[in-house]
Amino acid sequence: MVTLLQKSILLGLLLVIHLTTYALKLSVHDLKVEHLKSPLAIETPAPRFSWKLVSDEKNTLQSGYEIRVGQNRSSLLAGKDLVWNANVSGDQSVLVEYAGSPLQSKQIYYWQVRVKDNHGNRSAWSAPASFRMGIQANEWSAKWIKVAGKDSSARSPLFRKEFSLRKKVKSALVYATAKGLYEASLNGERVSDAYFAPGWTSYRHHLQYQVYDVTASVKSGANVLGVCLGDGWYKGRIGFAGQRNFYGDTRALLLQLEVEYTDGTKETIVTDESWTYAYGPILASDIYDGEIYDARMEIEGWNNIGFKQNDTWKAVETLDKGSEKLVAMSGPPVKKHERFKAIKIFKTPVGETVVDFGQNLVGWVMLKAQGPAGTKITLSHAEVLTKEGNFYTANLRSAKAQVSYVLKNGPEQFFEPHFTFQGFRYVRVEGFPGQLTPDDLTAVALYSDMETTGKFITSNSLINQLQHNIQWGQKGNFLDVPTDCPQRDERLGWTGDAQAFANTAAFNMDVMAFFTKWLKDLKADQLSDGRIPFVIPHVLGPNDAASAGWADVSTIIPWDMYVAYGDRRILETQYDSMKKWVDYISSVAKDDLWNSGFHFGDWLFYRPNDDNDGRAAVTDKYLIAQTFYAHSTQLLINAAQVLGKVDDATRYSALLEKIKAAFIKEYMTPSGRLVSSTQTAYVLALQFDMLPETLRQACADRLVANIRDYGTHLTTGFLGTPYLCHVLSRFGHDQVAYDLLMQESYPSWLYPVKMGATTIWERWDGIKPDGSFQTPDMNSYNHYAYGAIGDWMYRTIGGINSRADAPGYKSMVIAPRPGGKLTSATTELETAYGTVKTSWIMENAILKLHVTIPPNTRASIVLPDKTEEIGSGSYYFECPLLGNKHRSKER
């Protein structure tokens, strides 16, 4: 007979099994705060929380969530001593705003969430995540320190401070920033795996600080803080005119280490007059020119305990605080990523030793060497070789792009730069002692630490290489700011390039925090009359601003990021900047026409060398300006509607009608012909809805005729190219779009691929068919703008489309449109809700489509003859494309 105790045990076991099974049906993971994982310096008083659901049931939607936040991890797990404990009905799982007790600066908080769904399931509590609040301006007790006297040496100074800790440490945090670049260490070890801190911002307006948790590195007793400074963007050469000291002529350090002991007491070690400095082995370091490092001048153990200072170490001087505002780092840090071994070491026809790493990348070379003291090894960097096979650097212009190392006595030595980066595939090695082998060199890619979110592969190897090149163009040029190129004496945040590529960037990687940080600089550097500089941060002339398609970055990227990530706050933050830009255009427009001022136009459009027949695709710059005037106005209207600014939406809607009417009157004939009969003219007019609806299809057909007239080649430049295939697909010309994509001869996307490119080129013919080069004055082989075709590839080939009325992929449209003789394509995108995946093959004119939709989202599946609404889960569809009866199968 079963006893009551046995019954209780059995029921308990059944309950445990039931609850375990119950929990497995629904769980929560990937917790983030303000788009970041476990951030250490949140400045907003109401941070926002995001999480993803995992469910093994279809059509799963979150019906409610519980979230709790506390200052102690163990108390949080017990549900005690909470600063926020909410139980909310609804499906919001992205950017849930904190609504608890006021959060304290510098305090760490732990949080977790559990959810319930529409099937009646409830998850277990997630694993705890954390975030820490930033430091307030009045909590900086450190002083700015610098070398004594004028900071005139090219050498990098080393700063050090010895201190002692006599109690058991609970936590230790370093807060640091610099005027220039810094590398900080504690007891001989770097405090972080990040590089180029504090990052490049509009330094006069705001300077980022970083926070490092060094609890595991501090020791009981003696400790040493060590910091090395470099010129960087702050003091080094920047811009075209050879300008130095653009932001200031003095490198300086601001740092404080805050220690909390287990007994509750605290101690702070700060930069002040007690620090000392000496010059180390970095003799010169510059973004453009490279670095010179003399190992004979190394000061062994200078940043560790047990070091005995001599009279070369001097007392630092303090520096008065400037006008800049210290702000928490909001974007991702620059880190090391992929590493490449040499695939070939060879002698060029002129006898130089050159290493080929097989990939055009941005970063530096790590070198191992051993030889007599005083031996100088010089590494020069290049993207391409001449057609004869010689090392080519003319396209670097005045950038030296060299790193030199001088050996000391002793065993094998290891070298890598500190405050410079180069864009290269090839390295010329001079002065290396002995026989150079692949083991002696490793190239390492450095770029902002953005999560890879997109994957795209097809049955065509050339298209796959194009996708590879697009991704590597982004990696190489997303080094703290979205630069145009990473190799020559430029490397600036060109606004036109960034806006053209932003949508593609958001498919490839999680760029929300990256662009949020950069847009703060755009807003800060916007001129008082509303003009937007050509480059951000603004380091060019005072009047280098307000070019159509470049300055419109101020409206385009905020809207694109809102649609891609669903972050309403980016519109709130940038709205005034968006409005100021549109108002500036209105202030200079005459009769609602923006037909004045300097404009880059459709930059680097098709221009044959001997144009006797008018084949150059020259588009009227003011026609282009008018289309972007309309586009920015439309985006401002969109933002106003999202933010509930009804009066603005009404006002600018009336303005938009006038802008389009002025365009039609000035640039279009009654039959719909444009004064510039170019691809870009028709593309922009159609993309931005400048034309009467009754004439749009005819204009799209004219666009197709133009493309065919050029032998199915594109002729567009930076402003027309991003929208070209989108317009063709919109007006029923998918096959023409595919023909352009698959075109292998110049000008086309695949021409550089066929020529061996591993990144996107600045020019369609950076290397001409005969192997000669375009003009060296402007010929980058790592320039992402033309990679904007990736947006169309993800949306049309892969079929993954976001929706402005349900941003961030809360609801999406899945509409793959096969073509171009592709037989298969697989596309993935990691959204804020989870992974969206499409995979299709074509067999006997049958489209076989697999789709995966993440929990808490919905999708419209658009097939040739039917649209189906689905919830989360994995599905399978079959669809004959030749008029046969549609059928679908679920899996």
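Sequence positions, counted from 1, serve as the residue numbers for this chain. As a basis for the values below, the full set of heavy atoms in this structure was taken, side chains included, without hydrogen atoms, waters or symmetry mates.
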Candidate pair Lys517 and Asp480, rule side chain to side chain contact (heavy atoms under 4.5 Å, CB included), full reasoning: CA-CA 9 Å; Lys517 175 256 184 186; Asp480 203 57; 2.9 Å; yes

What distance separates Ile637 CD1 from Ser653 OG, expressed to the nearest 0.5 Å? 3.5 Å

Report yes or no: is the cationic atom of Lys58 (NZ for Lys, CZ for Arg) under 6.0 Å from the centre of the six-membered ring of Tyr875, at an angle within 45° of the ring normal? yes

I'd like to know if the side chain of Tyr833 and the backbone of Leu53 have a donor-acceptor N/O pair within less than 3.5 Å. no

Under 3.5 Å, is there a donor-acceptor pair between the side chain of Thr504 and the main chain of Asp791? yes

How about NZ on Lys848, more than 12 heavy atoms from neighbouring residues, nucleotides or ligands closer than 6.0 Å, or not? yes

Taking atom types as modelled, is there a side-chain donor on Glu828 or Thr835 under 3.5 Å from an acceptor on the other? no

Just by modelled atom types, is the Met450 backbone N or O under 3.5 Å from a matching donor or acceptor in the Ser448 side chain? no

Hey, which of Phe456, Tyr809, Tyr794 is the one that makes side chain to side chain contact (heavy atoms under 4.5 Å, CB included) with Ile800? Tyr809

Indicate yes or no: at least one non-hydrogen side-chain atom of Glu43 is less than 4.5 angstrom from one of Met329. no

Atom pair CG/CG of Leu741 and Asp734 - distance to nearest 0.5 Å: 11.5 Å

So, does Thr453 use its side chain to make a donor-acceptor pair with the main chain of Met509 at under 3.5 Å? yes

Ignoring hydrogens and geometry, is there a side-chain-to-backbone donor-acceptor pair from Thr555 to Asp552 under 3.5 Å? yes

Report yes or no: is the cationic atom of Lys32 (NZ for Lys, CZ for Arg) closer than 6.0 Å to the six-membered ring centre of Phe49, at no more than 45° off its axis? no

With a 4.5 Å limit on heavy-atom distance, are the side chains of Arg569 and Glu34 in contact? yes

Min side-chain heavy-atom separation Glu572-Leu643 under 4.5 Å: yes

Just by distance, no angles: are the side chains of Ser824 and Trp840 close enough, under 3.5 Å, to form a donor-acceptor pair? no

Donor-acceptor contact present, side-chain Gln92 to main-chain Val94, <3.5 Å: yes

Quick one: does Asn508's side chain get under 4.5 Å of Gln467's, heavy atoms only? yes

Does a side chain donor of either Asn477 or Thr483 reach within less than 3.5 Å of an acceptor in the other side chain? yes

Distance from Lys580 atom NZ to Lys523 atom NZ, nearest 0.5 Å? 9.0 Å

Minimum side-chain heavy-atom gap Tyr565-Leu95 below 4.5 Å: no

Got more than 12 heavy atoms from elsewhere within 6.0 Å of NZ, Lys837? no

Quick one: does any side-chain atom of His337 pair with a main-chain N or O of Tyr447 as donor and acceptor, under 3.5 Å? yes

Parallel, tilted or perpendicular: which one describes the rings of Phe478 and Phe515, with boundaries at 30° and 60°? perpendicular

State which residue, out of Asn856, Thr857, Asp805, fulfils the side chain to side chain donor-acceptor pair (under 3.5 Å) condition with Lys810. Asn856

Within the 4.5 Å heavy-atom criterion, are Trp518 and Ile536 side-chain neighbours or not? yes

Looking at Trp51, is Arg114 sitting on its ring face, NZ or CZ under 6.0 Å from the six-membered ring centre and within 45 degrees of the normal? no

Decide yes or no on salt bridge (Lys or Arg N to Asp or Glu O under 4.0 Å) for Lys37 and Glu451, but give the supporting numbers first. CA-CA 11 Å; Lys37 293 184 177 180; Glu451 177 186 358; 5.1 Å; no

Could you check whether Asp81 pairs with Arg68 (Lys NZ or Arg NE/NH1/NH2 to Asp/Glu carboxylate O, under 4.0 Å)? no

Is Thr867 close to Ile861 at the side-chain level, that is, under 4.5 Å between some pair of heavy atoms? no

Please state whether the rings of Tyr109 and Phe131 are parallel, tilted or perpendicular, taking 30° and 60° as the class boundaries. parallel

Backbone N or O of Leu26 within a donor-acceptor pair of the Asn121 side chain at under 3.5 Å? no

Looking at side-chain heavy atoms only, is the closest gap between Ile814 and Val836 below 4.5 Å? yes

Is there a donor-acceptor pair closer than 3.5 Å between any side-chain N or O of Gln634 and the backbone N or O of Phe688? no

Does a side chain donor of either His206 or Asp521 reach within less than 3.5 Å of an acceptor in the other side chain? yes

Whether the side chain of Ser554 engages the backbone of Ala551 through a donor-acceptor N/O pair (distance < 3.5 Å, no angle test) should be reported. yes

Walk me through whether Leu446 and Val362 qualify under side chain to side chain contact (heavy atoms under 4.5 Å, CB included). CA-CA 6 Å; Leu446 288 103; Val362 175; 6.0 Å; no

Is the gap between the ring centers of Tyr786 and Phe718 under 6.0 Å? yes

